[in-house]
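Scroll down for the structure; my scribbles are underneath it.
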There are 2 protein chains.
Amino acid sequence: MSLDHAILGFLQYGPRSGYDLKALFDLSVQHFWPADQSQIYRTLARLTEQGYVAMDRVEQEERPDRKDYRLTDAGREALHEWLAAPPPAKPGRSAALVQVFFAGQLGDEEILAIFRRAADTCRAGLAGLQAIPDRCTPYVAQVDDPRETFCWMLTLECGIHMTQAHLAWLESVIARLERGELPIAKEATCTR
Amino acid sequence: MSLDHAILGFLQYGPRSGYDLKALFDLSVQHFWPADQSQIYRTLARLTEQGYVAMDRVEQEERPDRKDYRLTDAGREALHEWLAAPPPAKPGRSAALVQVFFAGQLGDEEILAIFRRAADTCRAGLAGLQAIPDRCTPYVAQVDDPRETFCWMLTLECGIHMTQAHLAWLESVIARLERGELPIAKEATCTR
DNA sequence: TCATAATATAGGACGTGTCATATACATGAC
DNA sequence: GTCATGTATATGACACGTCCTATATTATGA
């Protein structure tokens, strides 16, 4: 249910169209809450039904008409309520760790390859995160509120911090594997 | 598609029923890939259709009949292929970070409360992770393969490492907030 | 001129996960 | 004696997200 709140969150800065919102997601929160375009439009429609947002059709001559959505009082209230409430606490899923868990089957080189690849992905992700501030300076200037900016930067900081920690762990595993610390599998086949 | 592979992964240690599998998930991989009971049964049914697993009905007198599933050659092959392939790389979602991103709206104490609560959740999670080795020693003894155990422990290590890093970040944020480093919001209302 | 990118919205189909609920039998606790 | 708990499987309904495709219009550049 968190796409709802992210949308409400963006709308508190002023009216936005579905298109605007998609751009905002891609620009700012995509690294911890990516949003699908069609999902945004559908959610917007539902949020309107529920009375959390209201829509104004804006006729444009140069471009297709846009629908601007704005927060209603009910929406603002719902957002505030959710922001102040305990976090949903959904356990994250990591397919990469599932791979590691069952990697014992693989050969030494294959296991090393998994971790080397993971480290590369991680480094690429880190680079992506570090590029975010530049990309969103215009938006920061637009809203121009040090308190908001502080909170936004915290999420970035968290992402970078976590990615660095992950990378450090991956590198420590790679080092151990390269030192030959990976045990050899037992010969015997286990049935139960 | 990763529940499929986790199930195939467990089945490589020997035949298991849906009930067994649910217990295994809860015991070992639930912190990075939780599995729903009904989802396990449905996946098992599909995997059978697809020919990756085969089912043997075991009649029991004391208890309801069980269906034991075992890996077919096709299943073993599919598993190996997936294990050795590049990781799916699905971006993780964090509702907690969405909260932080839009927390600028809240009062100082509310924001502090969010982080304190997050830190508590984190500490509880850490305690949960550290309790895993004890819970699964019987299973470790059952399979008794140092290579497998090594990989399993790596996933745990990753979880603990990441959780500690997260906690450290949360505590650094809390310290900054307590030092009063949270900027005050602008008075002016921003519309666009 | 012709293609393509950008602006703007919408809907179908599907995969995956979640929740609730149902059935059936056994054992041990109170 | 019954009530909860553990073993064991199954299904319906639904929420949420993803992918793909369709539709218009305008601006840009090759």
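Convention: sequence-line order gives letters A, B, ...; per-chain numbering from 1. As a basis for the values below, the full set of heavy atoms in this structure was taken, side chains included, without hydrogen atoms, waters or symmetry mates.
- Regarding D56(B), its CG atom lies at a distance of 16 Å from the C1' atom of dT9(D), rounded to whole Å.
- A distance of 6.0 Å separates CZ of R16(A) from CG of L24(A), quoted to the nearest 0.5 Å.
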* Stepwise side chain to side chain contact (heavy atoms under 4.5 Å, CB included) test for L97(A) and V29(B) -> CA-CA 9 Å; L97(A) 279 185; V29(B) 298; over 6 Å; no
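- Straight-line distance from the CG atom of D26(A) to the C1' atom of dA6(C): 14 Å, rounded to whole Å.
- Y19(A) belongs to a hydrophobic cluster with Y41(A), counting contacts under 4.5 Å between side-chain heavy atoms of Ile, Leu, Val, Met, Phe, Trp and Tyr, direct or through other members.
- Applying the salt bridge (Lys or Arg N to Asp or Glu O under 4.0 Å) rule to pairs touching residues 37-55 of chain A yields D4(A)-R46(A), sequence neighbours excluded.
- Rounded to whole Å, the distance from CD on Q30(B) to P on dT18(C) is 13 Å.
- A search for side chain to side chain contact (heavy atoms under 4.5 Å, CB included) contacts involving A45(A) returns nothing, not counting sequence neighbours.
- By the side chain to side chain contact (heavy atoms under 4.5 Å, CB included) test, R123(B) pairs with A119(B), D120(B), L167(B), E171(B), sequence neighbours left out.
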* Asked: What is the per-nucleotide protein-contact pattern of nucleotides 9-16 of chain C, from the 5' end, where B denotes a base atom under 4.0 Å from a protein heavy atom, S denotes such proximity for sugar-phosphate atoms only, and - denotes neither?
  -> BBBBB--S
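- Five base pairs at each end of the helix from dT1(C)-dA30(D) to dC30(C)-dG1(D) define two local axes, and these are offset by 20° (rounded to 10°).
- Taking atom CG of residue L21(B) and atom P of nucleotide dT7(D), one finds them 15 Å apart after rounding to whole Å.
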Identify every side-chain donor-acceptor pair in residues 150-163 of chain A under 3.5 Å, counting partners at least two apart or on other chains, and give the distances.
unit_1, atom_1, unit_2, atom_2, d
W152(A), NE1, F101(B), O, 3.3
T155(A), OG1, W152(A), O, 2.6
E157(A), OE1, R176(B), NH1, 3.1
E157(A), OE2, W169(B), NE1, 2.7
E157(A), OE2, R176(B), NH2, 2.6
T163(A), OG1, G159(A), O, 2.6

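- Rounded to a whole Å, the CZ atom of F32(A) is 18 Å from the C1' atom of dG17(D).
- With sequence neighbours left out, F25(A) forms a ring-ring contact (aromatic ring centres under 6.0 Å, His included) with F10(A).
- Note: CD (E49(A)) to P (dA15(D)) measures 12 Å, nearest angstrom.
- L44(B) places its CG atom 13 Å from the C1' atom of dA8(D), with the value rounded to the nearest Å.
- Note: CD1 (I7(A)) to P (dC16(D)) measures 12 Å, nearest angstrom.
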Kindly list each side-chain donor-acceptor pair under 3.5 angstrom involving residues 74-84 of chain A, sequence neighbours excluded, with atom names and distances?
none

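- The salt bridge (Lys or Arg N to Asp or Glu O under 4.0 Å) analysis of residues 102-111 of chain A, with sequence neighbours excluded, yields the pairs D108(A)-R147(B).
- The salt bridge (charged side-chain N to carboxylate O under 4.0 Å, His left out) test applied to K22(B) returns D26(B), not counting sequence neighbours.
- Contact check of residues 94-102 of chain B against DNA chain C (heavy atom, cut-off under 4.0 Å) returns no residues at all.
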